[in-house]
Amino acid sequence: FPLDDIKGVRAAVPGSTVNDVVLCICAGALREYLLEHDELPDESLVAWVPINARSGDKSSDGNMGNNITSMTSRLGTHIDDPVERLRYIQAATDKSKAAKSGIPARLMTDLSQHVPSATMVTASRFVLFAGMAARLCNLFISNVPGPQVPTYLAGARQVTAFGMAPLADGKGLFIATPSYNGEITFNVTSTRETMPDIRFFISCIERSYDQLLRCTHLRNAM
């Protein structure tokens, strides 16, 4: 999808971000998918969402590489109206950011450096097998901003960007949305047990995008 369209949607809900719009599109697709299968819960689904933890002042951080944290956010899948759903998500993400929920990537890196590998593996398997992760969220959604100018390798121009994300026990759905050169792609990684008709879900994403765009354009014009 054109990244400018995603950015334009934000005008309908002041304070919303590109990440909020991405979550809203995913939420609309999940709502349609679960309604089709008669499995939509009364309460909102919850996503685990990585977020940028860097300050705007690059000089304040001399360390290179990623600096991210993560949060959980309710997706408003119980809300039919796309704009109201975006407003709900914007409030939910603001609340999560204010609470500073999540685990900093640097902390996780430090743990991996100082805790024996065998201990880390055993602890991770315990968390997954005990179902602890599944109690925190229902899926992962990762919005990864990329360069908004063409990039090249040995004279060959990069055409687009796609993402394939890891899955884990109890976590069978990951939606990655990298952006590049004015476009954003929605990439769905799942299992046959979790989502046997993944192409239908992709069509749900397309319809959710169209519906959100149409509704926000109407409201912005009023």
Side-chain angles (χ1 to χ4, degrees), residues 1 6 16-52 68-80 82 85-97 99 101-103 105 108 124-125 127-145 161-179 184-209 211-212:
F1 305 127
I6 303 292
S16 62
T17 66
V18 167
N19 192 58
D20 293 335
V21 177
V22 167
L23 295 180
C24 188
I25 293 171
C26 294
L30 289 164
R31 177 180 171 83
E32 179 185 348
Y33 182 88
L34 293 171
L35 280 172
E36 176 68 20
H37 293 279
D38 195 27
E39 293 183 356
L40 181 68
D42 294 331
E43 295 185 3
S44 170
L45 294 184
V46 178
W48 189 276
V49 186
I51 56 174
N52 180 27
I68 61 171
T69 185
S70 58
M71 65 179 180
T72 56
S73 175
R74 293 186 175 275
L75 296 175
T77 47
H78 60 297
I79 301 173
D80 181 46
R85 189 187 311 123
L86 178 57
R87 187 172 288 111
Y88 177 95
I89 290 171
Q90 188 264 335
T93 55
D94 275 1
K95 183 177 180 180
S96 290
K97 291 173 186 175
S101 62
I103 303 172
M108 291 189 287
S124 299
R125 287 177 177 173
V127 169
L128 291 171
F129 292 157
M132 295 178 184
R135 296 190 185 103
L136 294 175
C137 61
N138 305 107
L139 72 154
F140 294 95
I141 302 176
S142 178
N143 175 35
V144 182
F162 296 105
M164 185 173 67
L167 301 175
D169 290 337
K171 285 290 162 290
L173 178 59
F174 200 126
I175 305 174
T177 61
S179 62
I184 185 169
T185 60
F186 284 65
N187 307 262
V188 184
T189 306
S190 189
T191 68
R192 289 186 178 90
E193 294 80 7
T194 301
M195 187 172 281
D197 45 359
I198 194 168
R199 291 195 177 276
F200 170 65
F201 180 65
I202 292 172
S203 68
C204 292
I205 292 177
E206 294 169 345
R207 284 189 291 273
S208 179
Y209 164 81
Q211 186 183 29
L212 181 61

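Just so you know, these numbers come straight off a predicted model, no measurement behind them. Reckoned from all heavy atoms, side chains included, excluding hydrogens, waters and symmetry mates.
- Looking at heavy atoms from C-beta onward, Leu86 lies in side-chain contact with Val21 at the 4.5 angstrom threshold.
- When side chains are defined from C-beta on, Ile175 does not count as touching Asn187, because their heavy atoms never get closer than 4.5 Å.
- Judged as a side chain to side chain contact (heavy atoms under 4.5 Å, CB included), and not counting sequence neighbours, the contacts of Leu40 are Arg31, Leu34, Leu35, Thr77.
- When every heavy atom of Lys171 is checked against every heavy atom of Cys137, the shortest pair comes out as NZ-O, 3.0 Å.
- Across all their heavy atoms, Ser142 and Phe174 have their closest contact at CB-CE2, 3.6 Å.
- Taking 4.5 Å as the limit, some side-chain heavy atom of Tyr88 sits within range of a side-chain heavy atom of Ser44.
- Between Thr72 and Val49 there is no side-chain heavy-atom pair separated by less than 4.5 Å.
- Taking the side chain to side chain contact (heavy atoms under 4.5 Å, CB included) definition, one finds that Ser179 meets it with Leu3, Pro145, Gln148, Ile184, sequence neighbours left out.
- The ring-ring contact (aromatic ring centres under 6.0 Å, His included) search around Tyr33 returns His37, Phe200, Phe201, not counting sequence neighbours.
- Judged by distance alone, with hydrogens and angles left aside, the side-chain atoms of Asp80 form no donor-acceptor pair with the main-chain N or O of His78 at under 3.5 Å.
- Partners of Thr17 by side chain to side chain contact (heavy atoms under 4.5 Å, CB included), not counting sequence neighbours, listed by chain and number: Asn19, Asp20, Lys97.
- Between the CD1 atom of Ile25 and the CD1 atom of Ile205 there is a distance of 9.0 Å, given to the nearest 0.5 Å.
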ring-ring contact (aromatic ring centres under 6.0 Å, His included) between Tyr209 and Phe186, worked out: CA-CA 11 Å; Tyr209 164 81; Phe186 284 65; 7.8 Å; no

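- Atom CE of Met71 sits about 13.0 Å away from atom NZ of Lys95, to the nearest 0.5 Å.
- Separation of atoms CD1 (Ile6) and SG (Cys24) is listed at 10.0 Å; rounding is to 0.5 Å.
- Applying the side chain to side chain contact (heavy atoms under 4.5 Å, CB included) rule to Thr191 yields the partners Leu167, Glu193, Thr194; only residues at least two apart in sequence or on another chain are considered.
- The heavy-atom pair separating Ser208 from Gly28 by the smallest distance is OG-CA, 3.4 Å.
- Pairs engaging residues 32-43 under the salt bridge (charged side-chain N to carboxylate O under 4.0 Å, His left out) rule: Glu32-Arg207 [sequence neighbours left out].
- Between the side chain of Ser190 and the main chain of Gly172, a donor-acceptor pair closer than 3.5 Å is present.
- Taking all atoms of both residues into account, the shortest heavy-atom contact from Leu45 to Asn138 is CA-OD1, 3.4 Å.
- Within the 4.5 Å cutoff, the side chain of Phe162 has no heavy atoms near those of the Pro178 side chain.
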After noting the C-alpha distance and the side-chain angles of Asn143 and Val18, does the key distance pass the side chain to side chain contact (heavy atoms under 4.5 Å, CB included) rule? CA-CA 9 Å; Asn143 175 35; Val18 167; 4.0 Å; yes

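- When all heavy atoms are compared, the tightest approach of Arg85 to Gly76 is CG-O, 3.4 Å.
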Determine whether Ser73 and Leu23 satisfy the following criterion, side chain to side chain contact (heavy atoms under 4.5 Å, CB included), listing intermediate values before the conclusion. CA-CA 9 Å; Ser73 175; Leu23 295 180; 4.2 Å; yes

